[in-house]
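Worth saying up front: this structure is predicted, and the values here are computed from it rather than measured.
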Amino acid sequence: MDESAAGTTEAGPAQGPTMPVLYAKAEPLSPTLHQGLVLRPHTSYAFAAKTPGIPLVASEFVAAALTYPIVFAGQNPASPIIVTGVAPEQNLFVNKAGEWAKHAMVPVYVRRYPFIFMKSADKDQLIYCLDPTSDRLASEGKGEPLFLDGQPAAALREVMNGMNKVQEQFNETTEFATALESNGLLAPVRVDLKGEDGVSQPIEGFRIVDEGRFNALPDDIYLQWRAKGWIALIHAHLLSQGNWQAIAGRLSET
């Protein structure tokens, strides 16, 4: 698994060599720079076709666990990720036509592209940004304008409201993942995927919840976590480990 995907956080630095997963660039939204841009309707997931791991928010765990292995980054922050591929630049759930696999949930992180929050230089603020390289943005043709008369147009206001809600979900997810890490529940693992030819492919560089440590969690912490809904998230995460063989099956089809 590509560890560059595993280290992704929702609100990254506004400048720097490492961009968040999916993003080639991030420009702060500006009526000066983006006055003439329109947002085209979504037609393809080709932009995610080379992404082997995608950030997940806590509210998506149950739906994601039906299809993907859910893991946590191998280093801090312990961001939760769905595994969509086992090699760099590989997403087994996006076909050559840019279609996402049927009946597989698409994370909000993907659906929100090409917009993202980035941290200001002093890290005190979150800035609305976009990836200007996205095919959904154009200077002409059909689409909804981003700005009108120097102010966010209706489509952009809707996007910004959605981004605020998504950021709240990422904040809640960070709290959950941080609690797992600080209580010592995350452990590095290695998965050996067996193909149809019987040859094993080792996959590592990530962590999962250690069931023994989870079962030994003190009663007071367990009750606190149950009240927060975190116990259900852990169970969904553990159940999702049964999806590794499905990943192997998709790999054999490529």
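A salt bridge is absent between R40 and E144; no separation between the charged side-chain nitrogens and carboxylate oxygens falls under 4.0 Å. No salt bridge links E172 with K228; every basic N to acidic carboxylate O contact stays at or beyond 4.0 Å. Using a cut-off of 4.0 Å between Lys/Arg side-chain N and Asp/Glu carboxylate O, E60 and R111 are scored as salt-bridged.
For N91, there are no side chain to side chain donor-acceptor pair (under 3.5 Å) partners at least two apart in sequence or on another chain. For Q125, there are no side chain to side chain donor-acceptor pair (under 3.5 Å) partners two or more places apart in sequence or in a different chain. Here F147 pairs with nothing under the ring-ring contact (aromatic ring centres under 6.0 Å, His included) rule; sequence neighbours left out. Contacts of S44 classified as side chain to side chain contact (heavy atoms under 4.5 Å, CB included), with partners at least two apart in sequence or in another chain: A46. Not counting sequence neighbours, the partners of Q241 by the side chain to side chain contact (heavy atoms under 4.5 Å, CB included) test are V71, I208, H237, W244. With sequence neighbours excluded, the residues satisfying ring-ring contact (aromatic ring centres under 6.0 Å, His included) with W230 are F176, W225.
Residue A49 comes nearest to V94 through the heavy atom pair CB-CG1, 3.9 Å, listed as atom of the first residue, atom of the second, then distance. For the residue pair V21 and G53, the shortest heavy atom distance occurs at CG1-O, 3.9 Å.
Counting heavy atoms of neighbouring residues, nucleotides and ligands inside a 6.0 Å radius, atom CG of N161 exceeds 12 of them. Remark: R213 CZ is packed, more than 12 non-hydrogen atoms of other residues, nucleotides or ligands lying under 6.0 Å away. Under a cut-off of 6.0 angstrom, the local environment of NE2 in H42 is crowded, with over 12 non-hydrogen atoms contributed by other residues, nucleotides or ligands. Around atom CG of D219, no more than 12 heavy atoms belonging to other residues, nucleotides or ligands sit under 6.0 Å away. Heavy atoms from other residues, nucleotides or ligands lying under 6.0 Å from CG of N171 number more than 12. Around CD of E158, the count of heavy atoms belonging to other residues, nucleotides or ligands within 6.0 Å does not exceed 12.
Residue V166 is grouped with residue M19 when hydrophobic side chains (ILVMFWY) are merged at heavy-atom distances under 4.5 angstrom, including chains of intermediate members. V38 and V159 are not part of a single hydrophobic cluster, where members link through side-chain heavy atoms under 4.5 Å apart. Residues V83 and L66 fall into different hydrophobic clusters, defined by Ile, Leu, Val, Met, Phe, Trp and Tyr side chains chained together at heavy-atom separations under 4.5 Å. When the side chains of ILVMFWY residues are joined at heavy-atom separations under 4.5 Å, either directly or via intervening members, L239 and I247 end up in two distinct hydrophobic clusters.
Ring pair F93/Y45: centre-to-centre distance not below 6.0 Å. Within the 6.0 Å centre-distance limit, the rings of F47 and Y113 are counted as a close aromatic pair.
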Stepwise, does the ring-ring contact (aromatic ring centres under 6.0 Å, His included) test hold for Y128 with F117?
CA-CA 5 Å; Y128 295 102; F117 272 124; 4.7 Å; yes
In sequence, state the C-alpha distance, the side-chain angles, and the governing distance for L146 and L130, and then conclude on side-chain contact (heavy atoms from CB on, under 4.5 Å).
CA-CA 11 Å; L146 295 185; L130 57 73; 3.8 Å; yes
side-chain contact (heavy atoms from CB on, under 4.5 Å) between L223 and R226, intermediate numbers included:
CA-CA 5 Å; L223 292 174; R226 188 177 69 177; 3.6 Å; yes
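The aromatic rings of Y23 and Y109 sit perpendicular, their planes meeting at an angle over 60°, well past the 30° parallel limit.
For the atom pair L186 CG and E181 CD, the distance stands at 5.5 Å (nearest 0.5 Å).
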